[in-house]
Amino acid sequence: MKAIRAIDGKQAVQFFTDSLADTFDVILIDIMMPEMNGHLLKPIMMAEVVRISARNL
């Protein structure tokens, strides 16, 4: 198991969008992250999941 730690929400989005499909099994989001909190981050990550899934059809 490997953990990747983002220092803020923007970095978390960057890690996720730069990764290959199925890189992450679990993503833990802090709702109080600096730059972009978890409430803002979740819809961005979900949209990226849909985009990656569509690309792999």
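Residues: numbered from 1 along the sequence shown. All values derive from a computational prediction rather than experimental measurement.
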> As an exercise, state the distance from CD1 of I4 to CD of Q11, rounded to the nearest 0.5 Å.
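Reported value, rounded in 0.5 Å steps: 10.0 Å.
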> Please list all pairs meeting salt bridge (Lys or Arg N to Asp or Glu O under 4.0 Å) that have one or both residues in residues 37-47, counting only residues at least two apart or in different chains.
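Residue pairs passing salt bridge (Lys or Arg N to Asp or Glu O under 4.0 Å), neighbours aside: none found.
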> What's the separation between atom CG in L41 and atom CE in M46, rounded to the nearest 0.5 Å?
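Between L41 CG and M46 CE, I get 11.5 Å after rounding to 0.5 Å.
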> Which pairs count as salt bridge (Lys or Arg N to Asp or Glu O under 4.0 Å) when at least one residue sits in residues 4-18, sequence neighbours excluded?
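Every salt bridge (Lys or Arg N to Asp or Glu O under 4.0 Å) pair that includes a residue of residues 4-18, provided the two are not neighbours, is K10-E35.
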> For residues 23-34, run the donor-acceptor check on the side chains, cut-off 3.5 Å, and write out each pair with its distance to 0.1 Å, sequence neighbours left out.
| residue | atom | partner | partner atom | Å |
| --- | --- | --- | --- | --- |
| T23 | OG1 | L20 | N | 3.2 |
| T23 | OG1 | L20 | O | 2.5 |
| D30 | OD1 | M32 | N | 2.8 |

